[in-house]
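All figures in this text were calculated on a predicted structure; none of them were measured in a lab. Start at 1 with the first residue, then count along the sequence.
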Amino acid sequence: MRTATLGPAERGEALARMAEQELDILVVGAGVVGAGTALDAVTRGLTTGLVEARDWASGTSSRSSKLIHGGLRYLEMLDFTLVREALKERGLLLERLAPHLVKPVPFLYPLQYKGWERWYAGSGVALYDAMSMSSGHGRGLPLHRHLSRKRALRIAPCLKKDALVGALQYYDAQMDDARYVTTLVRTAAAYGAEVVNRARVVGFLREGERVVGARVRDVEAGGEYEIRARQVVNATGVWTDDTQGLIAERGQFHVRASKGIHLVVPKDRIHSSSGLILRTEKSVLFVIPWGRHWIVGTTDTDWDLDKAHPAASSADIDYLLEHVNSVLAVPLTRDDVQGVYAGLRPLLAGESDATSKLSREHTVAHPVPGLVVVAGGKYTTYRVMAKDAVDEAVHGLDQRVAECVTEEIRLVGAEGYRALWNARARLAERTGLHVVRVEHLLNRYGSLAEEIFGLIAGDPSLGEPLAAADDYLRAEVVYAASHEGARHLDDVLTRRTRISIETFDRGARSARECAELVAPVLGWDAEQVDKEVAHYEKRVEAERESQRQPDDLTADAARLGAPDIVLP
């Protein structure tokens with residue numbers, strides 16, 4: 001294995017190496033599916049490249065509900081295959097592939113009707129547990145349990161007494177979605193994949209009908225590169241149709257975007273020791289534990305405006321507040337909302353007019369020789385999607401290729417994580433950090449936390465927390481740029497950390513401190529630091545303005561007032 005370091009030097013070297021050789025597989029798009037596809041391909045022994053127009057997970061894969069789950073509501077739709085598949089993946093991630101990143105989380109489902117609802121919902125959750133156990137990877141989570149109203153209110157005193165007659169409690173899992181993708185990319189790089197962000201595909205190379213590579217523009221340094229590959233995989237999610245358009249071929253399917261928004265509120269605003277799942281007239285609503293916060297979401301509405309920066313409107317926020325307040329004894333207000341984020345689900349079009357009914361199944365196609373397209377699906381099943389995409393690409397390689405092995409490939413940071421966790425008190429003594437800080441780092445980096453400890457040993461000031469976001473250490477900001485491929489302030493505050501949604505100022509007060517920390521790593525002068533800070537502040541204000549608008553059109557217009565700092 002090579003180093004998993006993704007700093008500025010490694011980025012330049014990877015781009016140069018891709019341009020100098022013919023790859024077996026070039027993956028376009030570094031969301032969870034693209035990153036997973038790169039890992040799948042390189043661990044089969046294929047020479048692999050991965051390019052991303054913006055940042056790792058900058059689209060859908062950083063804006064999800066942060067859940068790894070089977071999807072209880074798909075049982076109600078009788079989609080047993082999807083649920084069984086997702087539950088197997090949930091177990092693999094928890095137990096083997098990424099125990100440092102994927103954690104169990106309890107949910108309380110309030111029952112509103114006596115008798116029939118407990119039987120109906122209880123049967124569904126019992127089947128959910130049974131399918132999890134039958135997958136062979138479900139023993140890491142407790143089984144569901146039935147609760148009286150009194151016991152449910154003891155767990156979740158935040159609920160109105162008349163909002164439930166009893167409850168069910170069951171377990172799923174959660175992760176930081178953007179951190180997971182970054183770790184996935186670093187794992188692919190460690191096995192030999194060439195990975196480059198801020199590198200936009202502007203066209204495909206053709207020989208007759210066949211796609212033989214892509215023209216890639218370096219958004220950071222300028223210049224275009226021709227990257228040749230025997231097979232190209234389009235894994236661009238909600239941008240699938242746009243990417244297909246570069247070869248002037250109609251795709252075999254279309255992808256529709258469904259917008260989901262989430263609110264982040266402080267932990268003390270909702271008094272509960274368990275997450276909540278509530279049924280709405282359209283879908284389900286989650287209240288998800290998130291460190292010192294709760295995530296409340298989500299909506300499910302059609303979106304055909306700007307894909308890069310989907311905007312949450314005032315109506316979206318009101319919808320979530322209204323529904324969660326229907327069961328809370330002390331209602332949430334706008335003033336309680338620390339952060340808001342909006343993401344787009346890539347749904348396969350043509351199955352139903354309502355986005356909440358569209359399929360979460362995935363599809364793989366080979367529209368022209370040399371080009372594979374993978375789309376649809378859900379975050380939890382990314383590994384299966386990646387396997388199917390590489391299996392399809394292998395058909396065009398005319399050689400024997402090993403079977404998928406990612407069921408056995410631990411993500412970087414997983415190896416040795418449990419031993420370090422058991423020794424966290426000794427780690428605290430050795431590093432001089434509080435044990436809570438050590439736990440925080442282990443649950444974000446796993447055994448790679450040793451690299452953070454090394455930065456702090458070299459410069460003890462990096463062991464201090466950020467002044468306006470004290471959940472994070474200064475070392476984590478430096479590490480984001482030196483090891484994790486962060487190229488701009490927005491990457492650090494929005495995806496390497498979650499400061500942009502976890503503070504009432506949306507990260508504005510941390511912007512300059514963070515910019516000055518990464519400046520030496522990225523070679524910024526004082527002028528570039530000022531530019532990065534100004535851009536970030538403008539972005540925050542544009543998002544706040546969009547969230548004051550009454551509908552999608554006006555919210556989108558307001559959000560577009562702050563374009564990307566470098567236009568890809």
Side-chain angles (χ1 to χ4, degrees), residues 5-16 30 51-59 62 178 182 185-186 195-200 202 216-225 308-309 451-452 455 458-459 461-462 464-469 472-501 503 505-544 559-568:
T5 299
L6 302 181
E10 287 81 8
R11 177 186 180 276
E13 291 163 3
L15 194 51
V51 292
E52 162 59 44
R54 295 188 295 149
D55 185 28
W56 322 130
S58 56
S62 60
T182 296
V185 171
R186 294 184 70 190
V195 301
V196 182
N197 57 0
R198 308 283 177 183
R200 175 179 283 279
V202 294
V216 176
R217 178 180 300 142
D218 183 350
V219 177
E220 294 289 286
E224 284 191 9
Y225 296 78
H309 304 293
E451 295 179 345
I452 301 276
L455 288 177
D459 180 356
S461 72
L462 297 180
E464 296 298 317
L466 293 170
Y472 299 95
L473 298 180
R474 289 162 57 86
E476 295 180 76
V477 174
V478 174
Y479 189 80
S482 64
H483 286 69
E484 297 182 327
R487 301 288 304 168
H488 292 284
L489 183 58
D490 191 56
D491 301 342
V492 175
L493 293 172
T494 306
R495 286 172 290 277
R496 302 307 183 279
T497 70
R498 290 304 192 159
I499 295 169
S500 66
I501 59 171
T503 58
D505 62 86
R506 310 277 174 99
R509 290 196 300 139
S510 299
R512 183 159 296 276
E513 182 181 7
C514 291
E516 289 174 349
L517 282 167
V518 301
V521 180
L522 298 176
W524 294 350
D525 57 18
E527 183 181 355
Q528 183 66 22
V529 168
D530 289 344
K531 182 181 176 184
E532 294 278 341
V533 172
H535 167 265
Y536 187 79
E537 291 172 346
K538 190 174 181 181
R539 191 208 99 169
V540 168
E541 184 46 46
E543 287 185 348
R544 287 189 187 279
R559 177 60 186 87
L560 290 177
D564 287 344
I565 191 164
V566 177
L567 284 176

I'd like to know if D55 and R496 make a salt bridge, using a cut-off of under 4.0 Å between side-chain N and carboxylate O. yes
Looking at D491 and R487, is there a salt bridge between them, counting it only when a charged N and a carboxylate O are closer than 4.0 Å? no
So how far is it from C514 SG to I499 CD1, rounded to the nearest 0.5 Å? 5.0 Å
When rounded to the nearest 0.5 angstrom, what is the spacing between CD in E52 and OG in S58? 4.5 Å
Backbone of R217 reached by a side-chain donor or acceptor of E224 within 3.5 Å: no
Quick check for you: to the nearest 0.5 Å, what is the distance between R198 atom CZ and R11 atom CZ? 9.0 Å
Would you sort out whether L462 and V478 count as a side-chain contact (heavy atoms from CB on, under 4.5 Å), showing the intermediate values? CA-CA 8 Å; L462 297 180; V478 174; 3.9 Å; yes
Is it the case that the side chains of T494 and R539 hold a donor-acceptor pair, with the cut-off being a distance below 3.5 Å and no angle test? yes
Does G7 offer a backbone N or O that forms a donor-acceptor pair with the side chain of E10 under 3.5 Å? yes
Closest approach of I452 to A475 (non-hydrogen atoms, all atoms of both residues): CG2-CB, 4.0 Å
Any ion pair linking R474 and E464 (charged N to carboxylate O, less than 4.0 Å)? no
Excluding sequence neighbours, so at least two apart, what forms side chain to side chain contact (heavy atoms under 4.5 Å, CB included) with A468? R509, S510
With sequence neighbours left out, write down each residue that passes side chain to side chain contact (heavy atoms under 4.5 Å, CB included) with A57, or none if nothing qualifies. S61, S62, A178, V181
Check against salt bridge (Lys or Arg N to Asp or Glu O under 4.0 Å), E476 and R498: CA-CA 12 Å; E476 295 180 76; R498 290 304 192 159; over 6 Å; no
So does R200 pair up with D218, basic N to acidic O under 4.0 Å? no
Flag the pair L6 / H483 as yes when at least one side-chain heavy-atom distance between them is below 4.5 Å, and no otherwise. no
Considering all heavy atoms, the nearest V521-P8 contact: O-CG, 3.6 Å
Heavy atoms of W56 and V196 approach each other most closely as CH2-C, 3.6 Å
Rounded to the nearest 0.5 Å, what separation is found between the CD atom of E484 and the OG1 atom of T5? 10.0 Å
Check whether E543 reaches the backbone of V540 with its side chain - one donor and one acceptor, N or O, closer than 3.5 Å. no
When rounded to the nearest 0.5 angstrom, what is the spacing between CG in L493 and OH in Y472? 10.0 Å
Euclidean distance, S482 OG relative to L522 CG, rounded to 0.5 Å: 9.0 Å
If every non-hydrogen atom of V492 is compared with every non-hydrogen atom of T497, which pair is closest and at what distance? O-OG1, 2.7 Å
Would you name the heavy atoms of P520 and L517 that are closest together and state the gap between them? CD-O, 3.4 Å
How close do A199 and V216 get, counting heavy atoms only, and between which atoms? CB-CG1, 3.6 Å
Evaluate the side-chain contact (heavy atoms from CB on, under 4.5 Å) criterion for residues V195 and R186: first the C-alpha distance (whole Å), next the side-chain angles of each, then the deciding distance (0.1 Å), finally the verdict. CA-CA 8 Å; V195 301; R186 294 184 70 190; over 6 Å; no
Going by distance alone, is a donor N or O of one side chain under 3.5 Å from an acceptor N or O of the other, for Q528 and H488? no
Using side chain to side chain donor-acceptor pair (under 3.5 Å) as the criterion, list what pairs up with Y536, not counting sequence neighbours. none
A side-chain contact here means heavy atoms from C-beta on lying under 4.5 Å apart; do R506 and I501 qualify? no
Is there side-chain contact between V477 and V518, with at least one heavy-atom pair below 4.5 Å? yes
Can you confirm whether L466 sits close enough to E513 that some side-chain heavy atom of one is under 4.5 Å from a side-chain heavy atom of the other? yes
